[in-house]
S.K.: 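This is the structure I have questions about; it appears just below.
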Amino acid sequence: ELKVEQNPLFLSMQEGKNYTIYCNYSTTSDRLYWYRQDPGKSLESLFVLLSNGAVKQEGRLMASLDTKARLSTLHITAAVHDLSATYFCAVEAQGGSEKLVFGKGTKLTVNP
Amino acid sequence: DAGITQSPRHKVTETGTPVTLRCHQTENHRYMYWYRQDPGHGLRLIHYSYGVKDTDKGEVSDGYSVSRSKTEDFLLTLESATSSQTSVYFCAISRAGQLYEQYFGPGTRLTVT
């Protein structure tokens with residue numbers, strides 16, 4: 001059974017600082033996704049990572065995937081208040097039907 | 001915008017009452033999903049569909065049933081609502097042509113009293 005663990009679950013940081021969110025998963029998977037959720041809102045897709053060594057960047061966020069270590073990271077560079085949100089990683093379960101298993105999310109608060 | 005709507009957006013109901021939530025999509029996607037979101041649990045898959053009349057259980061399917069009689073509609077039914085089913089429910093579609101990313105509807109907040 002696929003399990004996905006994120007850490008930390010809560011992250012409070014100052015504007016301008018860098019930090020990394022980690023996503024570990026327990027079984028082999030072909031795809032990993034990162035989503036963002038603002039309070040009271042739906043989930044917004046950020047990145048899709050398909051292969052070992054994949055790296056995607058959008059603004060101050062950079063995601064990477066190491067399939068051998070079963071680890072993905074979401075790196076935040078020079079954080080700004082607008083990045084405050086909850087970030088989820090999700091891993092595709094094997095067996096078809098494109099099912100995803102989500103981590104519990106990391107609630108990021110960026111303080112001025 | 002993946003053209004996903006959910007109805008109702010908010011609902012308060014009493015224990016033991018049947019409840020049906022509707023997910024509607026406008027882009028003819030094959031795969032549709034129902035999740036629930038609870039504090040401390042992230043999103044958990046309830047049921048999913050891979051075509052008209054083709055559905056299967058997810059991680060937390062007990063107490064829920066689904067139906068899909070048309071490509072565009074995926075219904076989630078709580079046969080007899082319980083307080084433990086108080087949650088935010090999200091519908092999602094998977095875009096096969098776009099790396100199978102899942103796109104989420106706006107959510108339904110359900111409170112069972």
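Quick caveat, the model's predicted, so the values are computed rather than measured. Residue numbers begin at 1 in each chain, while the letters A, B, ... track the order of the sequences.
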S.K.: When clusters are formed by joining ILVMFWY residues with side-chain heavy atoms under 4.5 Å apart, either directly or through shared neighbours, do M62(A) and Y33(A) land in the same one?
M.R.: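 Looking at the clustering, Y33(A) is in a separate group from M62(A).
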
S.K.: Answer yes or no: is there a side-chain heavy-atom contact under 4.5 Å between L110(B) and T86(B)?
M.R.: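 Counting from C-beta outward, L110(B) and T86(B) never come under 4.5 Å.
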
S.K.: Look at the side-chain heavy atoms of Ile, Leu, Val, Met, Phe, Trp and Tyr, link any pair under 4.5 Å apart, and say whether Y89(B) and F74(B) land in one connected group.
M.R.: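 Cluster IDs for Y89(B) and F74(B) match.
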
S.K.: Given the options G107(B), S49(B), S94(B), G40(B), which has more heavy-atom pairs under 4.5 Å with chain A than any of the others?
M.R.: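 Looking at each option in turn, the highest pair count goes to G40(B).
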
S.K.: For K41(A), is it the side chain, the backbone, both or neither that has a heavy atom under 4.5 Å from a heavy atom of chain B?
M.R.: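 Backbone only.
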
S.K.: Answer with side chain, backbone, both or neither: which region of Q6(A) has an atom nearer than 4.5 Å to a non-hydrogen atom of chain B?
M.R.: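 Answer is neither: Q6(A) stays 4.5 Å or more from chain B.
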
S.K.: Return the CG to CD distance between L46(A) and Q37(A), rounded to the nearest 0.5 Å.
M.R.: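 Spacing of CG (L46(A)) from CD (Q37(A)) equals 11.5 Å.
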
S.K.: Between L43(B) and chain A, which part of the residue has a heavy atom less than 4.5 Å away: side chain, backbone, both or neither?
M.R.: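 Contact with chain A involves both backbone and side-chain atoms of L43(B).
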
